[in-house]
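The chains referred to below are lettered A, B, ... by the order of the sequence lines, with proteins before strands, and numbering in each begins at 1.
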Protein chains: 2
Amino acid sequence: MTRTSLADVACSIARATDLFGDAWTALIMRDVLTGIHRFDDLAHDLGISRKVLAARLARLVEEGVLVRERYQEHPPREQYRATEKGAELHAVLMALMAWGDRWYAGEAGPPARIRHLDCGRETTPVTACGHCGGPVTAANTTELPGPGGRTGPGTQVLGPLLAARAARAPQAAQAAQAAQAEYAADDTGR
Amino acid sequence: MTRTSLADVACSIARATDLFGDAWTALIMRDVLTGIHRFDDLAHDLGISRKVLAARLARLVEEGVLVRERYQEHPPREQYRATEKGAELHAVLMALMAWGDRWYAGEAGPPARIRHLDCGRETTPVTACGHCGGPVTAANTTELPGPGGRTGPGTQVLGPLLAARAARAPQAAQAAQAAQAEYAADDTGR
DNA sequence: CATTCGGGTTCCCTGAAGGAACCTATCCGA
DNA sequence: TCGGATAGGTTCCTTCAGGGAACCCGAATG
């Protein structure tokens, strides 16, 4: 975990990574969403220090990503479950998994597969445009400033860069072409 | 960053987070993919310690996610650029950003917007099934063991759990229903 | 000839991760 | 009634990585 808090940076990636940008947190959410809910099971599965696990779970509960609930009174037993906010981190896990599968699976093949219950098939989740459903990649997107954006810690250079990019090409098509030209130039020019 | 290496865990999420599960790494990739390529710009933009930035960049180059290249000889100047492997981390960044936008944007609105150049519209990237194109969520997927899976550190409990799940319901439809039933039961029950 | 710039490296200090032991409450079996 | 097991942590100590600032080096610039 970073010592400098990223929660106040005007960037949703920074805000998300402030919580999620810790290796254990991702694996804890993987386990909880897969069906491992108990402290000891998590500790045993991950091989994590119990102290660190307790700290991570407390943070995740505090952030509203998990809930801690008593599932039996005698003896008192607790478990951790994902909230809606936590369940939506599934998308991040799928993206990480797809990337890991692609670049690190090696000869043995992927360690796990995902079955999409809506169509019944094994799937590799892809990132798609919410409007047209087409693939979203670094090459076919451009980032523009948003209403909540500001220049500050974590966006000291990025803020002005996006603002300049928006000013240079206020029309969608122009922004698109400028960004693509830059990307193409980047690829050839190295 | 975690002290215990996750690179050897039989889980693509663990392998991906071993590299990417560090708050700074995500932000460095955000910047490089957005167009910030120089050491000083990265250091200034992020407010990161120069020492840590140097270590992160070296790791990312070593992993083949970035390349370090000289863009001018006199005086010698270096810059960092994303490889194909690095550019594909864009999907992870999009998922993090979408989640951060949804849960932390607040009144001010999202700090940045994404324009999808293929359709020309501002988009919220979604995670979709590679086959049917439908949405992929925690609720409509189930995880099954894959060829490269094994029980070991990081999957001590998870491995057997997935194996049992697959054994209980070897058919796709059955696996689907079992997983959904469990998910529903989880919400009401224990 | 001093300054600036880009791209780092070195130093020390603090705080978080690892690891193991310990604690509490309850149940189970002999 | 005692011993042990189980679940869910907490406490303690050590080590190591992050933060911050200073420093360094080669090349251009005034």
Side-chain angles (χ1 to χ4, degrees), chain A residues 1-6 8-9 14 17-19 21-28 31-32 36-62 66-81 153-154 156-157, chain B residues 1-9 14 17-19 21-28 31-32 36-62 66-81 153-154 156-157 190:
Chain A
M1 198 188 274
T2 329
R3 303 269 282 286
T4 19
S5 169
L6 298 172
D8 295 331
V9 175
T17 49
D18 182 61
L19 172 69
D22 161 63
W24 289 129
T25 302
L27 293 181
I28 291 169
D31 277 9
V32 170
I36 301 179
H37 300 291
R38 296 195 332 235
F39 188 95
D40 268 29
D41 286 344
L42 289 167
H44 183 215
D45 187 59
L46 300 175
I48 187 178
S49 153
R50 301 171 69 79
K51 178 181 105 174
V52 175
L53 178 57
R56 286 293 167 284
L57 290 172
R59 173 88 198 281
L60 290 167
V61 167
E62 191 185 324
L66 295 180
V67 285
R68 180 174 185 266
E69 57 189 30
R70 185 158 291 193
Y71 66 93
Q72 118 184 350
E73 285 294 334
H74 298 289
R77 290 289 178 262
E78 317 286 342
Q79 67 179 2
Y80 294 89
R81 314 190 49 71
Q156 207 67 251
V157 176
Chain B
M1 197 188 272
T2 327
R3 302 269 283 284
T4 29
S5 169
L6 298 172
D8 295 332
V9 174
T17 49
D18 182 62
L19 173 69
D22 161 64
W24 289 129
T25 302
L27 294 182
I28 290 169
D31 277 8
V32 171
I36 301 179
H37 300 292
R38 298 202 325 244
F39 189 94
D40 268 28
D41 285 344
L42 289 167
H44 183 215
D45 187 58
L46 300 174
I48 188 178
S49 152
R50 301 171 69 80
K51 176 181 106 174
V52 175
L53 177 58
R56 287 292 167 285
L57 290 172
R59 174 88 199 280
L60 290 168
V61 168
E62 189 184 327
L66 295 181
V67 285
R68 180 172 185 266
E69 59 189 26
R70 186 158 292 193
Y71 66 93
Q72 111 183 358
E73 286 294 335
H74 296 290
R77 291 289 179 262
E78 316 287 342
Q79 67 180 2
Y80 293 89
R81 314 191 50 73
Q156 208 66 253
V157 176
R190 28 177 181 164

Fill in: Nearest non-hydrogen partners of A:Thr17 and B:Ala26, listed with the distance
CG2-CB, 3.5 Å

Worksheet item: According to a strict under-4.0 Å criterion, is A:Trp24 in side-chain N/O contact with OP1 or OP2 of C:dA16?
Response: no

Tabulate atom names and distances for all N/O pairs under 3.5 angstrom spanning the protein and nucleotides 28-30 of chain D.
unit_1	atom_1	unit_2	atom_2	d
D:dA28	OP1	B:His74	O	3.4

Item to complete: Measure from CG on A:Leu60 to P on D:dG9 and round the result to the nearest Å.
Response: 13 Å

Fill in: Contacts of B:Ala7 that satisfy side-chain contact (heavy atoms from CB on, under 4.5 Å) - sequence neighbours left out
B:Ser5, B:Asp18

Practice prompt. Mind calculating the distance between CD (A:Glu69) and P (D:dG8) to the nearest angstrom?
Written response: 12 Å

Practice prompt. Indicate the atoms forming the closest heavy-atom contact of A:Phe39 with A:Leu53, along with that distance.
Written response: O-CD2, 3.5 Å

Response to the item:
Whole-Å distance, A:Leu6 CG to D:dG18 P, equals 13 Å

Practice prompt. Starting from P on D:dG8, measure out to NE2 on A:His37 and report it in whole angstrom.
Written response: 12 Å

Fill in: Nucleotide D:dT6, atom P - distance to CD of A:Gln72 in whole Å
14 Å

Worksheet item: To the nearest Å, how far apart are A:Leu46 CG and C:dG19 C1'?
Response: 16 Å

Practice prompt. Please name all residues satisfying side chain to side chain donor-acceptor pair (under 3.5 Å) with A:Asp45, sequence neighbours left out, ordered by chain then number.
Written response: A:Arg30

Practice prompt. Could you pull out all residues at least two apart from A:Arg50 that satisfy side chain to side chain donor-acceptor pair (under 3.5 Å)?
Written response: A:Asp40

Practice prompt. Can you check each nucleotide of nucleotides 2-15 of chain C against protein heavy atoms at under 4.0 Å and return B for base, S for sugar-phosphate only, - for none, in 5' to 3' order?
Written response: ---BBBBBBBB-BS

Worksheet, complete the sentence: Across all chains, not counting sequence neighbours, the side chain to side chain donor-acceptor pair (under 3.5 Å) partners of B:Gln156 are none

Discussion item. Tell me the closest heavy-atom pair linking B:Arg38 and B:Glu78, and the distance in Å.
Written reply: CG-O, 4.4 Å

Fill in: Which atom of A:Ala14 lies closest to which atom of A:Leu6, heavy atoms considered
O-CB, 3.6 Å

Discussion item. Measure CD1/A:Ile28 against P/D:dG9 and give the value in whole Å, please.
Written reply: 12 Å

Worksheet item: Could you give the CD1-to-P distance, from B:Ile48 to D:dA21, as a whole number of Å?
Response: 15 Å

Worksheet entry | Set of side-chain contact (heavy atoms from CB on, under 4.5 Å) partners for A:Gln72, sequence neighbours left out | A:Pro75, A:Arg77

